[in-house]
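Read through the structure below, which is laid out as structure tokens, and then see the notes.
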Amino acid sequence: MKLATWNVNSVRTRLPRLLRWLDAWQPDVLCLQELKATNENFPTEAVREAGYQVALHGQKTYNGVAILARGKLEDVRCGLQDDSDDAQARLISARVRGVRVLSAYVPNGGQVGSEKWHYKLTWLQRLRRHLERGFRPDEPLALCGDFNVAPQARDVCDPTAWETTVLFHPEARAALAHVADWGLTDAFRLCHDEAGLYSWWDYRMLAFPKNQGLRIDHVFVTAPLERCCDAAVIDREERKGKQPSDHAPVVLTLNDAHAVRPA
DNA sequence: ATGGTTGCTTAGCAA
């Protein structure tokens with residue numbers, strides 16, 4: 001099974017690229033973030049014609065997440081499903097081919113110390129609670145998305161400069177690590193050790209041609225899936241050309257060993 | 001300490 005995640009930064013602007021990318025990569029599942037579209041505005045017909053079912057949690061102007069799949073999306077759940085009255089559409093999950101898939105758009109956090117920063121840290125804490133209440137670390141589960149946090153120094157072009165910002169601040173890294181401590185592994189790091197592999201580059205300052213990026217888009221997997229990770233790649237070609245998203249897709253290839261039950 | 005760019009919505013916000 002080929003499982004991918006991509007912050008498209010407006011699904012309507014990116015639709016031609018999205019359709020080309022689906023055709024070229026043929027993923028079984030694609031998690032999308034930053035739709036910047038309501039469910040009504042989402043190009044559902046075009047995506048269906050490309051052969052994908054859609055689970056949607058849209059919002060006007062900002063945020064919005066989705067899961068596209070070749071095959072049935074079951075038990076769809078929207079939001080963090082806790083007590084807080086949160087209008088921001090940042091999480092959706094569904095079961096696909098026996099795998100629980102979550103598409104998450106973690107808050108950026110604005111400036112360290114700001115109200116948005118505290119919302120980001122709280123949101124990650126709430127995500128951990130959501131995992132604890134809704135799922136089990138021994139089930140096949142993939143938590144995918146734009147986490148707006150680079151886990152380690154090797155995931156950042158200039159760690160010293162970035163550690164004072166929301167994307168690589170020690171507190172943000174600790175909050176993400178606490179989510180992973182529930183029972184998740186960074187699937188990309190099962191396949192690659194080297195530094196300098198990024199998934200996001202600022203639109204400004206020629207960040208992409210200079211490869212001044214960060215690896216903030218991730219696929220986290222539970223133990224049953226960790227055993228069957230065959231490959232992980234960042235499609236940095238997708239960041240090139242006219243009207244790219246500022247994020248590149250991340251693609252994980254899984255064999256179906258998790259589906260094999262002992263006799 | 002700003003600025004640089006993109007997208008949504010229409011001058012300002014969010015990233």
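Please read all numbers here as calculations on a predicted model, not as lab measurements. Letters A, B, ... mirror the listed sequences (proteins, then strands); counts begin at 1.
Listed by chain and number, the residues in a side-chain contact (heavy atoms from CB on, under 4.5 Å) with Lys60(A) are Thr38(A) (sequence neighbours excluded). Taking the side-chain hydrogen bond (donor to acceptor under 3.5 Å, both in side chains) definition, one finds that Asp155(A) meets it with Arg189(A), Arg215(A), sequence neighbours left out. Contacts of Glu132(A) classified as side-chain contact (heavy atoms from CB on, under 4.5 Å), with partners at least two apart in sequence or in another chain: Arg128(A), Arg129(A), Trp182(A). Shown here are the side-chain contact (heavy atoms from CB on, under 4.5 Å) partners of Asp86(A), two or more places apart in sequence or in another chain: Ser84(A), Gln88(A), Tyr119(A), Trp123(A), Arg126(A). Contacts of Gln59(A) classified as side-chain hydrogen bond (donor to acceptor under 3.5 Å, both in side chains), with partners at least two apart in sequence or in another chain: Asn63(A). Partners of Lys242(A) by side-chain contact (heavy atoms from CB on, under 4.5 Å), not counting sequence neighbours: none found.
Applying a 4.0 Å cut-off to non-hydrogen atoms, the residues of residues 199-208 of chain A that approach DNA chain B are Tyr203(A), Arg204(A), Met205(A), listed by residue number. The stretch residues 102-109 of chain A touches DNA chain B through Tyr105(A), Asn108(A), each having a heavy atom under 4.0 angstrom from the strand. Within a heavy-atom distance below 4.0 Å of DNA chain B, the residues of residues 54-62 of chain A found are Lys60(A), Thr61(A), Tyr62(A).
Rounded to the nearest Å, the gap between the P atom of dT2(B) and that of dT6(B) is 23 Å. For the C1' atoms, the distance from dT10(B) to dA1(B) is 29 Å, rounded to whole Å.
In this structure, Trp123(A) atom CH2 and dA14(B) atom P are separated by 18 Å, rounded to whole Å. Separating the CG atom of Asn7(A) from the P atom of dT6(B) is a distance of 16 Å, rounded to the nearest angstrom. With rounding to whole Å, Leu35(A) atom CG is found 15 Å from dG7(B) atom P. Counting to the nearest Å, the C1' atom of dG12(B) and the NZ atom of Lys36(A) are 13 Å from each other. The nearest whole Å value for the distance from the NE2 atom in His247(A) to the C1' atom in dT6(B) is 12 Å. Atom-to-atom, CG of Asn63(A) to C1' of dA15(B) comes out at 11 Å; the value is rounded to the nearest Å. Separating the CG atom of Asp146(A) from the P atom of dA14(B) is a distance of 17 Å, rounded to the nearest angstrom. The separation between Asn9(A) atom CG and dC13(B) atom P is 18 Å, rounded to whole Å.
Not one N or O on the side chain of His57(A) forms a donor-acceptor pair closer than 3.5 Å with the backbone of Cys78(A).
Residue Arg12(A) places none of its side-chain N or O atoms closer than 4.0 Å to OP1 or OP2 of dG7(B).
Position along DNA chain B of the nearest nucleotide to Arg14(A) versus Lys116(A) favours Arg14(A) as the more 5'-ward residue.
Applying the side-chain hydrogen bond (donor to acceptor under 3.5 Å, both in side chains) test to residues at least two apart or on different chains, the pairs with a partner in residues 221-237 of chain A are Trp21(A)-Asp235(A), Trp25(A)-Asp235(A), Thr185(A)-Glu226(A), Asn211(A)-Arg236(A), Asp230(A)-Asn255(A), Glu237(A)-Lys240(A). Note on residues 9-26 of chain A: pairs passing salt bridge (charged side-chain N to carboxylate O under 4.0 Å, His left out), not counting sequence neighbours, are Arg17(A)-Glu238(A). Listed by first and then second residue, the salt bridge (charged side-chain N to carboxylate O under 4.0 Å, His left out) pairs involving residues 99-125 of chain A are Asp75(A)-Arg100(A) (not counting sequence neighbours).
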Check the pair Arg70(A) / Gln26(A) against side chain to side chain donor-acceptor pair (under 3.5 Å), numbers first and verdict last. CA-CA 9 Å; Arg70(A) 289 199 181 279; Gln26(A) 298 283 319; 2.7 Å; yes

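Between His169(A) and Trp117(A), the ring centre distance stays below 6.0 Å.
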